[in-house]
Amino acid sequence: VQIRQLIRMQKGDPNELLSLVDLGSPFLLVSYDHLINENETSLFQLGQARYLYTIHSESEKAISLTKAVVDSFPDCMAAHAFLGRLLIESNLLTEFEGWSSKLPAEVERENEYWYAIGSWMALKGNPREAIRCFAEASDRNPTDRQSMRGMIAALEEIGQPEIAKVTRSN
């Protein structure tokens with residue numbers, strides 16, 4: 001409610017306001033560049049990869065950075081999940097299949113994992129399974145607009161326009 005009031009009053013920077021409601025996007029409010037050693041792989045590079053992909057649409061660089069983070073920090077489930085998202089959205093389906101076959105079970109805690117699997121199910125023509133996966137993603141992150149859009153498309157595909165309409169209005 002307060003965020004809507006700030007928007008109506010035109011108070012605050014749009015990216016700052018969006019960062020309050022969208023948990024998955026890298027809106028730069030603080031820079032840690034002075035802490036980053038570009039010769040070493042660190043978890044800061046996951047944020048850099050998100051930024052490159054989301055703001056600059058540089059999927060190849062983002063994939064390369066994220067792979068380096070996954071290799072250096074195999075226990076970082078967020079990195080595994082983000083890599084899946086990058087691969088499926090970049091339509092690297094063979095690489096996505098390889099990614100999905102060697103994941104740690106703990107990755108299922110990550111909404112981006114469920115988004116990636118839901119997108120894969122939708123591509124494979126399995127909208128009911130895609131809906132389940134997108135719902136899992138939305139449960140983990142209610143601000144995940146991509147999963148909501150995927151769920152709405154899959155609901156419409158299976159002939160549930162009323163449920164899609166209700167989902168769209170949420």
Verify, without hydrogens or angle tests, whether [X] (side chain) and [Y] (backbone) share a donor-acceptor contact under 3.5 angstrom.
X	Y	result
Arg85	Ala81	no
Ser90	Leu92	no
Thr54	Tyr51	no

Handout entry: Ionic contact status for Glu136 with Arg109, cut-off 4.0 Å
Key =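 Salt bridge absent between Arg109 and Glu136.
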Any chance you could measure [X], atom [atom1], to [Y], atom [atom2], to the nearest 0.5 Å?
X	Y	atom1	atom2	result
Ile88	Glu97	CD1	CD	8.5 Å
Asp139	Asn111	CG	CG	10.5 Å
Leu52	Glu58	CG	CD	5.0 Å
Glu40	Gln45	CD	CD	9.5 Å

Exercise for the section: Report the residue from Glu60, Glu89, Lys61 that forms a side chain to side chain donor-acceptor pair (under 3.5 Å) with Tyr53. Expected result: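 Output: one option passes, namely Glu89.
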Treating Ile, Leu, Val, Met, Phe, Trp and Tyr as nodes and any side-chain heavy-atom pair under 4.5 angstrom as an edge, say whether [X] and [Y] lie in one connected cluster.
X	Y	value
Leu86	Leu93	yes
Met121	Met151	no
Phe82	Leu103	yes

Exercise for the section: Only pairs at least two apart or in different chains count here, so list each side chain to side chain donor-acceptor pair (under 3.5 Å) that has a residue in residues 119-133. Expected result: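 The answer is Glu129-Arg132.
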Exercise for the section: Return the set of residues passing side chain to side chain contact (heavy atoms under 4.5 Å, CB included) with Ser147 (not counting sequence neighbours), or none when no residue passes. Expected result: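 Listed in chain order: Tyr115, Phe134, Ala137, Ser138, Asp144.
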Problem - Glu108: side chain to side chain contact (heavy atoms under 4.5 Å, CB included) partners, not counting sequence neighbours - result: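 Side chain to side chain contact (heavy atoms under 4.5 Å, CB included) check on Glu108 returns Tyr113, Trp114.
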Practice task
Answer yes or no: is there a side-chain heavy-atom contact under 4.5 Å between Phe96 and Ile117?
Solution key: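 The answer is yes; the side chains approach within 4.5 Å.
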Problem - Selection residues 138-170 - residue pairs positive for ring pair (Phe, Tyr, Trp, His ring centres under 6.0 Å), sequence neighbours left out - result: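 Listed once each, the pairs would be none.
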Side-chain donor/acceptor pairs under 3.5 Å, residues 152-163, sequence neighbours excluded:
unit_1 : atom_1 : unit_2 : atom_2 : d
Glu156 : OE2    : Arg168 : NH2    : 2.6

Show me the side-chain donor-acceptor pairs of residues 62-79 shorter than 3.5 Å, one per line, residues at least two apart or across chains.
unit_1 : atom_1 : unit_2 : atom_2 : d
Thr66  : OG1    : Ala62  : O      : 2.7
Lys67  : NZ     : Glu95  : OE2    : 2.3
Ser72  : OG     : Ala68  : O      : 3.2

